[in-house]
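Hydrogens, waters and symmetry mates are skipped; everything else that's a heavy atom, side chains included, is used. What you see is a predicted model, and the numbers here were worked out from it, not measured in a lab.
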Amino acid sequence: MRKTLVNTLRWLVFVAAVLVLNFPVIATLVTSLKSEAEIMTNASLFIEAPTLDNYAAVFAMADRFDILHFLTNSLVASLIGSVLAIALAFPAAYAMARFGVGRSWLLPLAVNLRAVPLIIFAIPIYLMYQQVGLLDTRFGLALILCLVNVPLVLVLFASSIADLPLEIEEAGRVDGAGTLRLLIYVVAPMSLNVVAASSVLAFIYSWNEFLFGLMLTTNNATPVSVGASFFFAASGGGVRWGVAAAVMILATLPPLVLGLLMYRQIGRSMTAGAVKG
């Protein structure tokens, strides 16, 4: 009886925490399923007459604001940026963890640079992009997203690789494996959880990046984080809250689904090395 009561209370606390933490998302979803008239008269979370008209209106505006184009831009740039960040940070973290290359200065420098407000880099990056023709391109946006994510991924990899058993790598070297083969066939398989978690986090941060998406794109490569703001006054006669809510839900779906699918790997990577002995 006592165990049942404890489990019930635990689940009640869990559900309450989920509702409180996700209240903005829930409210946005509910608003997206209401008609404009109901939004004005019914401010509660209960929907009297659910409708998908707001989502239909979003796709009907494709001649002015193509939501699929914005989503594709974000998907391509985020994927490229995440893959590049992993490709750069993984060998760098291995060199730091195993050979001490730049461990005393490069890692702190990278972390501290990430702590600096990104707006400081906006103007020089814009001028450089203008010179090399990378403005309003998906690849140009992906490069910036890569640089934004390298410090986070580097820290995760450096911590994870340092906790891996060195004996397995030493056995590989005895068998004649070089550093590159060890990195690909030994270290990488043992770091799959961290690689997966880092990829997901890098993708989510890339997807949510707004500043550089706003400054470095105008039309061809506009990400959904910027494109979604266009729908707030799309009608020209005030904000259509239902349409705006529908756009935000559509923009949130890819990283939300990815995070739900990979939450175990993210949890394992965050707790790796927390308990020893």
Side-chain angles (χ1 to χ4, degrees), residues 1-34 38-39 41-52 54-55 78 82 85-86 89-90 93 97 111 114-115 149 151-168 187-209 225 241-242 244-277:
M1 180 66 180
R2 181 179 178 182
K3 185 177 181 180
T4 303
L5 180 61
V6 170
N7 288 334
T8 302
L9 290 175
R10 182 182 300 167
W11 275 103
L12 288 175
V13 172
F14 174 75
V15 171
V18 169
L19 291 176
V20 171
L21 294 175
N22 292 281
F23 180 79
V25 178
I26 297 172
T28 302
L29 176 61
V30 169
T31 302
S32 72
L33 297 174
K34 292 181 179 180
E38 185 176 351
I39 292 174
T41 58
N42 178 19
S44 70
L45 294 179
F46 296 99
I47 308 174
E48 297 174 359
T51 179
L52 295 177
N54 293 317
Y55 292 92
S78 298
S82 302
I86 298 295
F90 191 68
V111 175
R114 187 61 181 89
N149 284 299
L152 168 67
V153 178
L154 188 63
V155 170
L156 291 176
F157 280 150
S159 175
S160 172
I161 293 175
D163 292 333
L164 295 178
L166 188 59
E167 293 79 7
I168 299 178
V187 179
M190 291 192 297
S191 306
L192 284 180
N193 282 334
V194 179
V195 171
S198 300
S199 302
V200 173
L201 292 175
F203 180 87
I204 292 174
Y205 287 143
S206 298
W207 188 277
N208 293 331
E209 175 59 39
S225 57
W241 293 110
V247 171
M248 287 187 283
I249 292 297
L250 291 172
T252 305
L253 282 179
L256 177 62
V257 172
L258 184 61
L260 290 175
L261 291 176
M262 302 294 291
Y263 77 96
R264 292 185 184 276
Q265 285 75 11
I266 296 176
R268 287 171 187 167
S269 71
M270 293 303 178
T271 57
V275 179
K276 296 183 180 180

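Between F46 and V30, every side-chain heavy-atom pair lies at or beyond the 4.5 Å cut-off. With a 4.5 Å cut-off on side-chain heavy atoms, I86 and F157 count as touching.
To the nearest 0.5 Å, the span separating NZ on K34 from CG on L29 amounts to 11.0 Å. The distance from the CH2 atom of W207 to the OG1 atom of T252 is 9.5 Å, given to the nearest 0.5 Å. Here CG of L33 is found 6.5 Å from CG of L52. Values are rounded to the nearest 0.5 Å. We find the CD-OG1 distance between E38 and T31 to be 10.0 Å, quoted to the nearest 0.5 Å. To the nearest 0.5 Å, atoms CG (L154) and OG (S159) are separated by 11.0 Å.
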Inset, instruction - Show the numbers, then the answer: is there a side chain to side chain contact (heavy atoms under 4.5 Å, CB included) between N149 and F203? - result: CA-CA 9 Å; N149 284 299; F203 180 87; over 6 Å; no
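A side-chain donor-acceptor contact under 3.5 Å links S191 to the backbone of V187.
For the residue pair T28 and A245, the shortest heavy atom distance occurs at O-CB, 3.4 Å. Annotation for A85 and V153: closest pair O-CG1, 4.2 Å, computed over non-hydrogen atoms. Shortest non-hydrogen contact noted between S82 and A202 is OG-C, 3.5 Å.
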Check: residues 7-18 side-chain donor-acceptor pairs under 3.5 Å, at least two apart:
unit_1 : atom_1 : unit_2 : atom_2 : d
N7     : ND2    : K3     : O      : 3.3
T8     : OG1    : T4     : O      : 2.8

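With sequence neighbours excluded, no residue forms a side chain to side chain donor-acceptor pair (under 3.5 Å) with N54. In this view, Y55 and S32 satisfy the side chain to side chain donor-acceptor pair (under 3.5 Å) rule, not counting sequence neighbours.
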